[in-house]
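Down below is the structure, laid out as structure tokens.
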Number of protein chains: 2
Amino acid sequence: MKIGAFAERIGLSAHTIRYYERIGLLPRCPRDGGQRRDYDASALPWIAFLTRLRRTGMPIRDMVRYAEWRAAGQGTEAERRDLLVRHRDRVRAHVVDLQACLSVLDAKIAGYGDPPPSEPQHDTDTSHRRPVRPGIARPG
Amino acid sequence: MKIGAFAERIGLSAHTIRYYERIGLLPRCPRDGGQRRDYDASALPWIAFLTRLRRTGMPIRDMVRYAEWRAAGQGTEAERRDLLVRHRDRVRAHVVDLQACLSVLDAKIAGYGDPPPSEPQHDTDTSHRRPVRPGIARPG
DNA sequence: GCTTAACGTCGAGCGCGCTCGAAGTCGTAG
DNA sequence: CTACGACTTCGAGCGCGCTCGACGTTAAGC
């Protein structure tokens with residue numbers, strides 16, 4: 001599988017994949033005839049895990065450390081585990097914070113009242129909505 | 001309250017506060033004797049809300065749009081509400097994704113097994129931990 | 001009056017995570 | 001044989017959200 005098809009499959013650009021290989025996130029991949037990258041499905045789980053680390057906000061330098069430990073093989077399990085545990089704890093705290101922010105957002109939105117039905121809604125059943133009360137002016 | 005004290009109180013740098021004012025996130029604040037910014041507590045709720053928008057990942061350009069609508073006053077409630085609703089929906093989706101990633105992380109960490117008790121733990125009660133099973137080698 | 005620290009404006013710079021373009025190589029379709 | 005498009009390496013550039021430094025002014029304490 002060439003890098004273009006692979007990129008499309010995993011939802012990254014070919015540029016990004018080469019960049020990841022360059023900085024050591026991805027191991028040097030096998031080449032066909034010595035030049036062009038040729039991927040197979042065995043690379044997918046690792047990349048999927050990497051993208052999860054990214055989406056959860058792990059800095060790339062930490063991902064690189066993890067990748068180095070992984071490449072080093074046995075003897076690095078404790079470090080890898082610690083890194084993941086610390087990351088998980090940060091992510092958990094972040095989720096808690098986001099949820100708190102969400103309730104603030106909900107309150108703010110409720111303070112603006114229901115939207116005017118100027119455009120017909122796709123969902124025409126409004127029976128579940130709370131009655132319209134004109135919003136009281138607030139700071140913000 | 002001068003900008004230094006204010007900055008310390010809200011947890012932003014004076015540089016950042018001036019930057020926020022420059023780009024229109026904060027209204028031009030009253031000056032003492034025409035020059036130096038003089039804040040009072042009435043600015044706090046708005047800044048707190050702004051920092052929540054930031055922490056939840058709203059781009060600054062959207063925050064500026066919101067701030068402009070807020071400054072424009074009445075007649076912009078629908079726009080403000082829509083912006084917040086769209087943002088809230090993105091944040092909700094993000095939280096869902098983070099939670100999914102967290103369970104992957106948990107599984108990965110579990111795959112490394114319990115950490116070796118080389119350092120004495122602060123929590124010496126280990127009765128709640130699952131029994132030690134040597135980790136099975138896995139990719140990653 | 002003098003020192004000093006906090007303030008002011010302005011614009012440049014930084015760290016991050018890509019993103020892109022240039023310029024060349026290769027393999028296959030027509 | 002030719003054209004094309006996907007690949008290669010390399011290094012520069014970008015968008016974001018600050019962050020900082022230079023340099024001048026000003027108010028407060030001694």
Side-chain angles (χ1 to χ4, degrees), chain A residues 1-40 43 46-68 87 90-91 94 97 101, chain B residues 1-40 43 46-68 87 90-91 94 97 101:
Chain A
M1 195 181 212
K2 294 294 167 49
I3 195 173
F6 191 67
E8 182 144 353
R9 172 144 177 200
I10 64 181
L12 295 175
S13 74
H15 275 304
T16 301
I17 295 174
R18 289 193 208 99
Y19 164 71
Y20 278 3
E21 185 177 319
R22 213 158 70 214
I23 66 177
L25 270 189
L26 300 180
R28 184 179 166 80
C29 110
R31 313 294 166 118
D32 67 339
Q35 281 278 69
R36 299 189 173 198
R37 291 169 182 81
D38 197 2
Y39 294 92
D40 69 17
W46 171 235
I47 295 204
F49 186 60
L50 284 180
T51 60
R52 276 199 182 82
L53 293 181
R54 275 296 305 124
R55 291 212 308 280
T56 51
M58 182 181 282
I60 283 202
R61 59 182 172 281
D62 285 354
M63 295 168 60
V64 170
R65 289 168 67 211
Y66 186 86
E68 288 168 351
H87 180 60
R90 278 192 301 267
V91 176
H94 187 204
D97 182 49
C101 289
Chain B
M1 196 180 211
K2 293 294 169 46
I3 197 174
F6 191 66
E8 184 145 352
R9 174 145 176 200
I10 64 181
L12 295 174
S13 73
H15 275 305
T16 301
I17 295 175
R18 290 194 207 99
Y19 164 71
Y20 278 3
E21 185 178 318
R22 215 158 68 213
I23 66 176
L25 269 190
L26 299 178
R28 183 179 166 81
C29 109
R31 314 294 166 119
D32 68 338
Q35 282 276 72
R36 300 188 173 199
R37 293 169 181 82
D38 196 3
Y39 294 92
D40 69 16
W46 172 235
I47 295 204
F49 186 60
L50 283 181
T51 60
R52 275 198 183 83
L53 293 181
R54 276 297 305 125
R55 291 212 308 280
T56 50
M58 182 181 283
I60 283 203
R61 58 181 171 281
D62 286 354
M63 294 168 62
V64 170
R65 288 167 69 211
Y66 186 87
E68 287 168 350
H87 180 59
R90 279 192 300 268
V91 177
H94 187 204
D97 183 49
C101 290

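Note on naming: letters A, B, ... go to the chains in the order of the sequence lines (proteins, then strands), and numbering restarts at 1 for each one.
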Arg31(B) vs dA27(D): side-chain N/O to OP1/OP2 distance below 4.0 Å: no
Side-chain donor/acceptor pairs under 3.5 Å, residues 57-65 of chain A, sequence neighbours excluded:
unit_1: Asp62(A); atom_1: OD1; unit_2: Arg65(A); atom_2: NH1; d: 3.3

Quick one: [X] [atom1] to [N] [atom2], roughly how many Å, whole number?
{"X": "Ile17(A)", "N": "dG17(C)", "atom1": "CD1", "atom2": "P", "value": "18 Å"}
{"X": "Ile23(A)", "N": "dG15(C)", "atom1": "CD1", "atom2": "P", "value": "16 Å"}
{"X": "Met1(B)", "N": "dA6(C)", "atom1": "CE", "atom2": "C1'", "value": "15 Å"}
{"X": "Arg37(B)", "N": "dC7(C)", "atom1": "CZ", "atom2": "C1'", "value": "9 Å"}
{"X": "Phe6(A)", "N": "dT8(D)", "atom1": "CZ", "atom2": "P", "value": "12 Å"}
{"X": "Leu25(B)", "N": "dG17(D)", "atom1": "CG", "atom2": "C1'", "value": "11 Å"}

Residue closer to the 5' end of DNA chain D, Glu21(A) versus Asp32(B) (nearest nucleotide): Glu21(A)
For residues 2-11 of chain B, run the donor-acceptor check on the side chains, cut-off 3.5 Å, and write out each pair with its distance to 0.1 Å, sequence neighbours left out.
none

Closest heavy-atom pair and its distance - Leu53(A), Thr56(A):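 Taking every non-hydrogen atom into account, O-OG1, 2.8 Å.
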Those residues that, when tested against Arg55(A), pass salt bridge (charged side-chain N to carboxylate O under 4.0 Å, His left out) (two or more places apart): Asp97(B)
Mutual orientation of the aromatic rings belonging to Phe49(B) and Tyr66(B) [parallel < 30°, tilted 30-60°, perpendicular > 60°]: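 Aromatic pair Phe49(B)/Tyr66(B) classed tilted.
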From CZ (Arg52(B)) to NE2 (His87(B)), nearest 0.5 Å: 11.5 Å
Nearest-0.5 Å distance, OG1 of residue Thr16(B) to CZ of residue Arg54(B): 11.0 Å
Bracket notation of DNA chain C in which parentheses pair within the strand, [ ] cross earlier pairs, and | pairs with another strand (Watson-Crick or G-U, under 3.5 Å): ||||||||||||||||||||||||||||||
Nucleic acid footprint by protein, nucleotides 18-30 of chain C - heavy-atom cut-off 4.0 Å, B for base, S for sugar-phosphate alone: BBBB---BB----
Asp38(B) (side chain) donor-acceptor with Asp32(B) (main chain) under 3.5 angstrom: no
Below 3.5 Å, can you tabulate the donor-acceptor pairs from side chains in residues 18-28 of chain A to any protein atom, sequence neighbours excluded?
unit_1: Glu21(A); atom_1: OE1; unit_2: Arg37(A); atom_2: NE; d: 3.0
unit_1: Glu21(A); atom_1: OE2; unit_2: Arg31(A); atom_2: NH2; d: 2.6

